Every structure is written in C-alpha cells, then in structure tokens.
Amino acid sequence: MGAFCNDDFTFLPTYNFTPSRDLRYSKQIHDNVHGNIYIDPLLLKFVDTEQFQRLRDLKQLGLANMVYPGAVHSRFEHSLGVYWLAGEAIHKLKSHQGLELDIDDFDVKTVKLAGLLHDIGHGPFSHLFEREFLPMVTSGSEWCHEGMSTRMIDHIVDEHHIDIDSETIKRVKEFILASSKYALPKTSREKLFLYDIVANGRNGIDVDKFDYIVRDSRACGLGCNFQFQRLMETMRVLGDEICYRAKDYLTVHKLFATRADLYRTVYTHAKVKAIELMVVEALVKANGYLHISSYIQDPSEYWKLDDSIIKTIETAPDPELKESRELISRIRRRNLYQFCNEYAVPKDKMEHFKDVTAKDIICSQVGGGKKLDEDDVVVSNVRIDLTRGKHNPLESINFFKDYESEEKFSIPDDRISHLLPSSYQDMIVRVYSKKPELVGVVSEAFENFQLKTYGIKAQVHPTPEKKKCRLLDNVV
C-alpha cells in the first residue's frame, strides 16, 4: 500500500510522519514559526537557567532591526526552533529507518539537546561580536561562539547540578562543533549521519539553517519560498549520511540561494553595516575601560554579557566612555556613517583579492580639496556565498533516485540548469564617510582606487550629486 504523491503521480511508501510521542510531561510553548512545540523535562532544566534565558536579550539579527523594524526576534526563539526541528528530523529518520539505523533514545536526546544549546555561546549583536569586535581587541584570538557554547554547557551543568551523564554532554558538544573548524574527533565511527542534523559540516544542510531562514525572512517581512518541510519529509540515510531525493535538487539549491539573498538584502544591508561599523567602534573604544573582551575567558562572567552593553555605555556618566557615548548618540539620531558607494569585485579578480583598507582609499586621492585621513573613511569588505566559497554546494550533497534505490550520487552542474549561477560567491567592497561633508571627496577617491586597481570604475553608478550636495547643505 502506498501514499499518493500528486506532484509526479507516483506512489511512495507509506510512512508515519508523526511518530507517537508522549508529550504529557513536556512543557508546551507556542512558537510563531513552528506552532506548538514541546520541551522535554531534561531539556527544560537547561532552559530554566539564567544562562539560557540570557538568549532573550540577544537579537538574532544583531542590529538589522535598525533597518527592518520587525527583526527583533531573539536567539532564544531560534534555539527553541532548532531544538524542535532537530527532534522532528531524528524522529522522522527513526520512524522511516529506525531498525536499519539503530537509532536509540541516547541519539534522540543528544541531537535535541545540541539543537537547543548550539547558540548559547553567542555574544552581543549576533556574529558582530566574534567577527568584527574581538579581532580588533584580541590579537590572534581563536575564539568562536561554538567553542563558548561547549564551555557554557559545562558551566550550566556544574552551576545548576543537572543530573546528566558525561557521555551525553560529550556527544552534544561534538554535534555543536561539527561544522566549525574546531570539530572534535567523533567518539564513534557509527551513526555519522547524526552529525548532519544540527550543524552539518559535510554539506551545510541542517535544521539550524531551516529555522533561521524561515524565521528571519518572516521577521523582516520578506517572502520565503524555500520549503524545508519537503526535505524533512523525504530525506533518507544512505552510506551513513543524510541524502535527498534527486527530484528535490532545486529545493536544495533554493535553500542556499535564499540564504545568500538574506545576506545580500538583510544581514549585510548597506545601512545595517554602517550601524554595525559604528557599534564596533564604540565597543572598541569602551573596551579599555569596561574590559568587555575579558568576559570571553570565563563562562561564569560571559553569560552576563548581552545586547544591553550598548545601553550601559549610553547611560554611563564616566568620561572614559565619552567617545563611545557620542557614537551611540549618533546612531540614535540617525546621524550615521554615510554610504558612498560599492562595487562587486570582478569575477576574474576574486581569486587573489585582498581586503581593501581605508589607507587604500586615501592613497588614491588626487587633486585639491580636503585631504582625507584614515579616520575619515571606513571600508567594509563583504563576502557572500552559497556556504562553500567559490564552490557549488550541490557538489558535496548526495542524492538518491527513489526509495527502492540503494545508490547515492551527486549531481554535476551541467545536469541541473543552465539558469543557475556560474559563480557561487560575491565579494563586495563598500566605502563609508564618517563625516557627511566628506561624501564627495571619499566617493571620488573610491572611484580613483577602482581605476587604479582594475582600469575601470567597477561600481554600477556614480554617487548621486544631490546626495553630496544635500549632506553638505546640512552641515552648513
């Protein structure tokens, strides 16, 4: 007996897609993306700690809400969503292939706990803390939020005396670090497919992306036609890895394309980046007095650090924080660093591209007028890809023909569609003026830099003259 599939008029095996689980002893929470979710009693012990509740005070999208007002959802919501999807994923695999894969309660528990705690080590303002702020104040730091997540887990267990065995914690840490460069050696060579669920270091398809792509798109008021449910319902383990039906290859590609689109339109929006640049500068200037970077050394102190650090700086009377306060005041009054222009690095130049600096821009200034200083200019080098740099992410994904087939295979570029991109990454160079009256001078120097570097002006259009004049009038 089969279940009718109306998209291709074929029959699929009948599966129980909703495994019967006793939820009477679980805590019910209504999530605005996934509906009712249920938290198991053991995992609730982690949720009901000050360390996990701190995630309510970390905005998922950092400072994007300054441009997209609805983007105020938190890491707390996202973590609950990933927990739920991780549980759904492993329960589906257990329902479909449980006997074959030998999925047991230990596997289910550790995958769900990894989903819940995978982001507990994040710092203020999402990735800004570790990617922008820390490199400027901690020389040679190898710190990452995944590593801090594992340290925070140990701290929570010790601080709250949670009765959980060391093997469970060890496996949870392995799952969390699986996609980072600090991935731990796997304790078992069996059931490697479990490492694909929460943080997939093999090909990037995981429930973490499933949740944030849908949740972020919704919060920002953007349409999202990527349907992770289709992949969840039809995924299958072959050769110890999660594979997908061949006819779903466009759905897989849409996952990565939607993610790249979110990076372009939301995460690295030109005005969002301007605000981020100002906040990073404010944090750097405040670090010597507040010792913000020292918090990363100790989980018992780190959990006290969240997005409220900006309010702390803004309202503190200390003269040592004057410059930082002024920067935050400018953000509040929308007196932002002014976006002058941008260009995409030509495709044939990306291989040997080096980050452009403020010094590169001021050294390209010619003619008279105001002489620029390095402190007048900020450059943002933005990289956007489909998760695997210059490589097609589908190259590392295996597919299967149908449920009767035991063979897995990859799909070459030329078999997919000639309409898909021939390049899988963008590198965008943006330049900002810290002072409104210097927009014209900075824009001209930026154009000269492009001519000197590429022999052409790679930007799409000149900086509008009316923008330069309007800003100049405002200063006068």
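All figures in this text were calculated on a predicted structure; none of them were measured in a lab.
Here the side chains of M427 and N381 are not in contact, with every heavy-atom distance at 4.5 Å or above. A heavy-atom distance below 4.5 Å is not found between the side chains of S179 and N200. Within the 4.5 Å cutoff, no side-chain heavy atoms of Q227 are placed close to those of E233. At least one side-chain heavy atom of D31 sits less than 4.5 Å from a side-chain heavy atom of R215. Counting only heavy atoms from C-beta outward, the side chains of I164 and F46 approach each other to under 4.5 Å. Looking at E88 and V207, their side chains never come closer than 4.5 Å, going by heavy atoms from C-beta outward. Using a 4.5 Å heavy-atom cutoff, the side chains of L85 and M232 are in contact. Residues L283 and L128 have side chains in contact (heavy-atom distance under 4.5 Å, counting atoms from C-beta outward).
Atom NZ of K408 is surrounded by more than 12 heavy atoms from other residues, nucleotides or ligands within 6.0 Å. The local environment of CG in N36 is crowded, with over 12 non-hydrogen atoms from other residues, nucleotides or ligands closer than 6.0 Å. Residue R334 places its CZ atom among more than 12 non-hydrogen atoms of other residues, nucleotides or ligands, all under 6.0 Å distant. Remark: E323 CD is loosely packed, at most 12 non-hydrogen atoms of other residues, nucleotides or ligands lying under 6.0 Å away. Around CD of Q97, the count of heavy atoms belonging to other residues, nucleotides or ligands within 6.0 Å exceeds 12.
Formation of a donor-acceptor pair under 3.5 Å by the Y302 side chain with backbone atoms of G121 is found in this model. A donor-acceptor distance shorter than 3.5 angstrom exists from the side chain of T315 to the backbone of K311, with no hydrogens or angles considered. Although no hydrogens or angles enter the test, the distance criterion places no donor-acceptor pair under 3.5 Å between the side chain of S126 and the main chain of L61. Using a distance-only test at 3.5 Å, with no hydrogens or angles considered, a donor-acceptor pair links the side chain of T312 to the main chain of S308. The main-chain N or O of G147 is found under 3.5 Å from a side-chain atom of T150 such that the two form a donor-acceptor pair. Side-chain atoms of R325 come within 3.5 Å of backbone N or O of A316 as a donor-acceptor pair. Side chain of R171 to backbone of F106: no donor-acceptor contact under 3.5 angstrom is found. Using modelled atom types, one side-chain atom of D402 and one backbone atom of E404 make a donor-acceptor pair closer than 3.5 Å. Judged by distance alone, the side chain of S217 and the main-chain N or O of I213 form a donor-acceptor pair under 3.5 Å. Not a single donor-acceptor pair under 3.5 Å links the side chain of K273 to the backbone N or O of F339.
The heavy-atom pair separating Y249 from L394 by the smallest distance is O-CD2, 4.1 Å. Nearest approach of R264 to I428, heavy atoms of both residues: NH1-CD1, 3.0 Å. Contact between N65 and A71 at its shortest, heavy atoms only, is CB-O, 3.4 Å. When every heavy atom of N203 is checked against every heavy atom of F256, the shortest pair comes out as O-CZ, 3.6 Å. Nearest approach of F125 to D307, heavy atoms of both residues: N-OD1, 2.8 Å. The two atoms that bring T110 and V172 nearest to each other are O-CG2, 3.6 Å, heavy atoms only.
Side-chain rings of F76 and F52 approach one another, their centers coming within less than 6.0 Å. Remark: aromatic rings of Y432 and Y337 are distant, center separation not under 6.0 Å.
The CG atom of D211 sits 9.5 Å away from the CD atom of E77 when rounded to the nearest 0.5 Å. Between the CG atom in L116 and the CG atom in L80 there is a gap of 6.5 Å [rounded to 0.5 Å]. Rounding to the nearest 0.5 Å places CD of E320 at 9.5 Å from CG of L290. The distance from the OG atom of S324 to the CD atom of E314 is 11.5 Å, given to the nearest 0.5 Å. Here CD1 of I103 is found 5.0 Å from CG of L93. Values are rounded to the nearest 0.5 Å. Put simply, CZ on R202 and CZ on F193 are 10.5 Å apart, with the number rounded to the nearest 0.5 Å.
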Q: Go through the steps to decide whether F129 and F133 satisfy the test ring pair (Phe, Tyr, Trp, His ring centres under 6.0 Å), and finish with yes or no.
A: CA-CA 5 Å; F129 184 78; F133 167 68; 5.5 Å; yes

**Q.** Check against side chain to side chain contact (heavy atoms under 4.5 Å, CB included), L194 and I90
**A.** CA-CA 8 Å; L194 294 174; I90 193 165; 3.7 Å; yes

Q: Could you walk me through whether S149 and H118 pass the side chain to side chain contact (heavy atoms under 4.5 Å, CB included) test, one step at a time?
A: CA-CA 6 Å; S149 291; H118 78 289; 6.0 Å; no

(Q) For I176 and I153: C-alpha separation, side-chain torsions, deciding distance, then whether side chain to side chain contact (heavy atoms under 4.5 Å, CB included) applies. (A) CA-CA 11 Å; I176 290 174; I153 291 170; 3.6 Å; yes

Q) Step by step, would you call E301 with H291 a side chain to side chain contact (heavy atoms under 4.5 Å, CB included)? A) CA-CA 12 Å; E301 292 297 319; H291 310 292; over 6 Å; no

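Ring geometry for Y195 versus F175: interplanar angle over 60°, hence perpendicular rather than tilted (30 to 60°). Ring orientation note: the planes of H269 and Y68 are nearly perpendicular, at an angle over 60° on the 30°/60° scale. In this structure, H122 and H145 have parallel ring planes: the angle between them is below the 30° cut-off, well short of the 60° mark.
Checked by atom type, the side-chain pair D248/T234 shows a donor-acceptor distance below 3.5 Å. No hydrogens or angles considered: a donor-acceptor pair under 3.5 Å links the side chains of S293 and N287. Between H78 and D216, the side chains place no donor N or O within less than 3.5 Å of an acceptor N or O (distance only, hydrogens not considered). Side-chain atoms of Y263 and D426 include no donor-acceptor pair closer than 3.5 Å. Between H160 and Q51, the side chains place a donor N or O and an acceptor N or O closer than 3.5 Å (distance only, hydrogens not considered). No donor-acceptor contact under 3.5 angstrom links the side chains of T268 and R383, judged on distance only. Between Y212 and Q60, the side chains place no donor N or O within less than 3.5 Å of an acceptor N or O (distance only, hydrogens not considered).
A salt bridge between K322 and E326 is present, with a side-chain N of the basic residue lying under 4.0 Å from a carboxylate O of the acidic one. Taking a cutoff of 4.0 Å between a charged side-chain nitrogen and a carboxylate oxygen, E167 and K170 do not qualify as a salt bridge. The existence of a salt bridge linking K173 and D154 is confirmed by a sub-4.0 Å separation between a basic side-chain nitrogen and an acidic carboxylate oxygen. One finds a salt bridge joining D105 and K94 here, because a Lys/Arg side-chain nitrogen approaches an Asp/Glu carboxylate oxygen to under 4.0 Å.
If you run salt bridge (charged side-chain N to carboxylate O under 4.0 Å, His left out) between R75 and each of D57, D119, D208, only D119 comes through.
Judged by the 6.0 Å and 45° rule, R236 forms a cation-pi pair with F400.
Qualifying side chain to side chain donor-acceptor pair (under 3.5 Å) partners for R430, counting only residues two or more places apart in sequence or in other chains: E342.
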